[in-house]
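To keep things clear, I will list the structure first and then write my remarks on it.
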Amino acid sequence: MSTQVSLEERFQARIDAEQKIEPKDWMPEAYRKTLIRQISQHAHSEVVGMLPEGNWITRAPSLRRKVALLAKVQDEAGHGLYLYSAAETLGISREELYNELLSGKAKYSSIFNYPTLTWADMGAVGWLVDGAAIMNQVALCKCSYGPYARAMVRVCKEESFHQRQGFEILLTLSKGTPEQRAMCQDAINRWWWPSMMMFGPNDSDSPHSAQSMRWKIKRYSNDTLRQKFVDMAAEQIRVLNMTLPDPDLRWNEERGHYDFGPIDWNEFNEVLKGNGPCNRERLAARRKAWEEGAWVREAAMAHAAKRQQQSVQSH
Amino acid sequence: MRDFLLLLADNTQILGHRLGEWCGHGPELEIDMAMTNLALDLVGQSRNYYQYLAELEGKGRTEDDLAYLRDAREFRNCLLVEQPNGDFARTVARNFLFDSWHFFFLQALCNSNDERLAAIAAKSLKEVTYHLRWSSEWVIRLGDGTEESHRRIQDAFDHLWTYRGELLTPAPFETEAASAGYGVDLHSIKPLTEDKLADILYQATLRRPEDGWMQSGGKTGRHSEHLGYLLAEMQYVQRAYPNSVW
């Protein structure tokens, strides 16, 4: 018992001293579990997140946009890979994690349960969804778990590029024809509140937050990051000459921040429970790809085994 | 020159588009990323050809006008590249049949007396060297993998074989291009692609399908029904909102 206490104390002392925890270091089981849950959710979000944007690859309106969108969705697959690898350092396999996603046990970011309806959504997703994701991810670059923090550094570089690209799509539309401007405003209207919800429940209702803050997995509270996001978007929307769909949005001189209206947590909870517009489609698409790919993965393994046997025999 | 450039541009554009359809739906993340790489390379190559053609025309048209505002009958790509993805085996077989031709075609095109074409070919060849390796390896893996994968890849070759002839049969504009020195003599690359094919099929323990009737027509704008749907999707935004900047 006393050894356990001292191990935990030493662990916390290292965290307090801003030292990174590495895979072979001792860590409390709850720390490991929290990280596996969080990193795998993050990985699943990247992989499910390929779908709403992949939806527009074949309809991208110019060759330049098509290439950029292909590259972006490919980056997301890459992020999924880094993150699954980071989770694997905690002693769980990618296949196990993936099965949890396909069985519906593991969660992914609810934002990807919303549909991408027009080309302008590629801009709004880049600007708002990637913008919100970056707020979280920049903070995670300083997370106490080394492999996760390092994966995040790479992810953030690419994400900030995606966000600029998304903004530039909207900027082009905002300077375009009346139809393009309407498309732009409509996409912002639809993606604004779901993006605000990406930061999770208010701090007062966030069950895991306190422990994660102590472990320095989480460095800033949900509400702090959400405020940062609002402050950024409220400024940038003016460059677009568009509006954010919140009548309560206004600068508060005293706080030095923008005030904003209440979030519809009822909608958030329903999407989380599986009742978002695309929950079923997203999971079905992931399952279909996985099941239809089973014979391919088996063939690759069978072939590799044959090759290995041949090389053993020839030696 | 116009039709010859369109052949090169449309082949790479349409095959790149088909590979883009896989993005997010591949059998595993690594394969998904590899297919997206192929798509990126091919669409990139098509842009080089479209841009060159737009410059030569000198009518103020852009790469996008050429890709998005022509109808199916004006497309010059081979029938092979517009064939639907099907299962992964069908995609692999289609890509291998194309790559094992494209690679030697580009090698020859590096000697084009048109400097710009030779430069595009040299740049593309680096990418296509990898494409050919990727599809060859997958043909071997699937052919010499499990019973199921063997059956699927053999079926895929049997199904697609009829589109192979067109790659090696010159349209009149190709013959003209070859004799003017900026194109490629398809007869000269035929033995090279045949050897490659024989080697890979052998390693994959696959049977070479019989050379029966070969479909053709793509190079002169007589396509399969598949191309119309592909273009309807690809061109929709440009067509629905004409004269807009994206």
Side-chain angles (χ1 to χ4, degrees), chain A residues 43 46-67 69-71 73-78 80-81 84 94 98 118-119 169 172-173 175-177 179-180 183 285-286 288-307, chain B residues 13 16-33 35-37 39-40 43-44 46-47 50-51 62-64 66-68 87-89 92 137-138 140-150 152-153 204 230 233-238 240-246:
Chain A
E46 297 284 354
V47 175
V48 176
M50 295 169 75
L51 299 170
E53 290 182 282
N55 184 36
W56 278 87
I57 287 173
T58 56
R59 291 176 293 170
S62 73
L63 297 176
R64 183 171 79 92
R65 296 292 186 201
K66 187 169 176 165
V67 167
L69 188 57
L70 276 164
V73 180
Q74 188 189 38
D75 282 347
E76 282 156 14
L81 277 183
Y84 284 123
R94 185 163 126 196
Y98 213 71
T118 71
W119 170 251
I169 288 176
T172 305
L173 294 173
K175 292 175 182 163
T177 63
E179 289 91 343
Q180 286 178 305
M183 196 188 277
R286 290 270 54 99
K288 182 168 185 280
W290 187 249
E291 283 160 16
E292 289 180 358
W295 70 269
V296 177
R297 299 189 300 274
E298 279 160 21
M301 280 174 39
H303 179 73
K306 283 185 194 177
R307 275 286 155 96
Chain B
Q13 175 62 219
H17 185 93
R18 283 291 189 216
L19 286 161
E21 292 173 354
W22 270 106
C23 187
H25 306 277
E28 84 183 347
L29 273 178
E30 287 84 347
I31 302 175
D32 208 299
M33 291 175 74
M35 286 196 283
T36 306
N37 257 340
L40 279 166
V43 175
S46 80
R47 293 181 70 187
Y50 285 136
Q51 286 165 7
T62 65
E63 55 172 4
D64 289 331
L66 289 165
Y68 293 98
D87 65 359
F88 182 68
V92 164
E137 283 173 0
W138 273 108
I140 294 168
R141 253 182 229 125
L142 297 181
D144 190 24
T146 62
E147 257 178 57
E148 180 178 9
S149 67
H150 182 90
R152 284 181 185 256
I153 189 77
L230 185 153
E233 192 171 329
M234 176 173 127
Q235 298 181 336
Y236 138 75
V237 179
Q238 282 265 350
Y241 305 93
N243 305 316
S244 307
V245 177
W246 298 97

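In this text, all values refer to a predicted model and were calculated from it rather than measured experimentally. Reminder, nothing fancy here: chain letters follow the sequence lines and each chain counts from 1.
- The closest side-chain heavy-atom distance from B:Arg47 to A:Arg64 is below 4.5 Å.
- With respect to chain A, the highest number of heavy-atom pairs below 4.5 Å among B:Met234, B:Gln235, B:Gln238, B:Arg141 belongs to B:Arg141.
- With contacts defined as side-chain heavy-atom distances shorter than 4.5 Å, the pair B:Arg152/A:Trp295 qualifies.
- In this structure, the side chains of B:Asp32 and A:Met50 come closer than 4.5 Å at one or more pairs of heavy atoms.
- Note: A:Ala71 leads A:Ala305, A:Ala304, A:Ala71 in heavy-atom pairs under 4.5 Å with chain B.
- Listed here is the closest heavy atom pair of B:Pro27 and A:Gly293: CB-CA, 3.6 Å.
- If you measure heavy-atom distances from A:Tyr84 to chain B, the contacts under 4.5 Å come from the side chain alone.
- Considering only heavy atoms from C-beta on, B:Tyr241 comes within 4.5 Å of A:Met183 through its side chain.
- Only the side chain of A:Ile57 has a heavy atom closer than 4.5 Å to any heavy atom of chain B.
- Both the backbone and the side chain of B:Phe88 come within contact range of chain A, with heavy atoms under 4.5 Å apart.
- Heavy atoms of A:Leu70 lying under 4.5 Å from chain B belong to its backbone as well as its side chain.
- The candidate from A:Ala285, A:Gly54, A:Gly49, A:Ala289 with the greatest count of non-hydrogen atom pairs under 4.5 Å with chain B is A:Ala289.
- Among B:Leu230, B:Val43, B:Leu29, B:Val237, the residue with the largest count of heavy-atom pairs under 4.5 Å with chain A is B:Leu29.
- Counting heavy-atom pairs closer than 4.5 Å to chain B, the top residue among A:Ala77, A:Ala300, A:Ser62 is A:Ser62.
- Of the atoms belonging to A:Thr58, heavy atoms from both backbone and side chain fall under 4.5 Å from chain B.
- The backbone N or O of B:Val245 sits less than 3.5 Å from a side-chain atom of A:Gln180, completing a donor-acceptor pair.
- A:Val47 touches chain B through its side chain: at least one heavy atom from C-beta onward sits under 4.5 Å away, while N, CA, C and O do not.
- For B:Glu30, the side-chain hydrogen bond (donor to acceptor under 3.5 Å, both in side chains) partners are A:Arg94, not counting sequence neighbours.
- Contacts with chain B were tallied for A:Val73, A:Val296, A:Thr118; A:Val296 has the most, counting heavy-atom pairs under 4.5 Å.
- Residues B:Asp144 and A:Lys306 have side chains in contact (heavy-atom distance under 4.5 Å, counting atoms from C-beta outward).
- Atom-to-atom distance recorded for B:Cys23:SG and A:Asn55:CG is 11.5 Å, nearest 0.5 angstrom.
- Both the backbone and the side chain of A:Leu63 come within contact range of chain B, each with at least one heavy atom under 4.5 Å from a heavy atom of that chain.
- Of the listed residues (A:Glu76, A:Arg297, A:Glu179), the one with the most heavy-atom contacts under 4.5 Å to chain B is A:Arg297.
- Applying the side-chain hydrogen bond (donor to acceptor under 3.5 Å, both in side chains) rule to pairs touching residues 17-26 of chain B yields A:Lys66-B:His17, B:Arg18-B:Glu21, B:Glu21-B:Asn85, B:Trp22-B:Thr91, sequence neighbours excluded.
- For A:Ala294, no part lies under 4.5 angstrom from a heavy atom of chain B.
- Between chain B and the options A:Pro61, A:Ala302, A:Gly176, heavy-atom pairs under 4.5 Å are most frequent for A:Pro61.
- Residue B:Ala89 touches chain A through both its backbone and its side chain, counting heavy-atom pairs closer than 4.5 Å.
- The line from OG of B:Ser244 to CG of A:Leu173 is 9.0 Å long, rounded to the nearest 0.5 Å.
- The backbone N or O of A:Arg59 sits nowhere less than 3.5 Å from a side-chain atom of B:Glu233 that would complete a donor-acceptor pair.
- For the pair B:Trp246/A:Ile169, no side-chain contact is recorded, criterion being any heavy-atom separation below 4.5 Å from C-beta on.
- Using a 4.5 Å heavy-atom cutoff, the side chains of B:Leu142 and A:His303 are not in contact.
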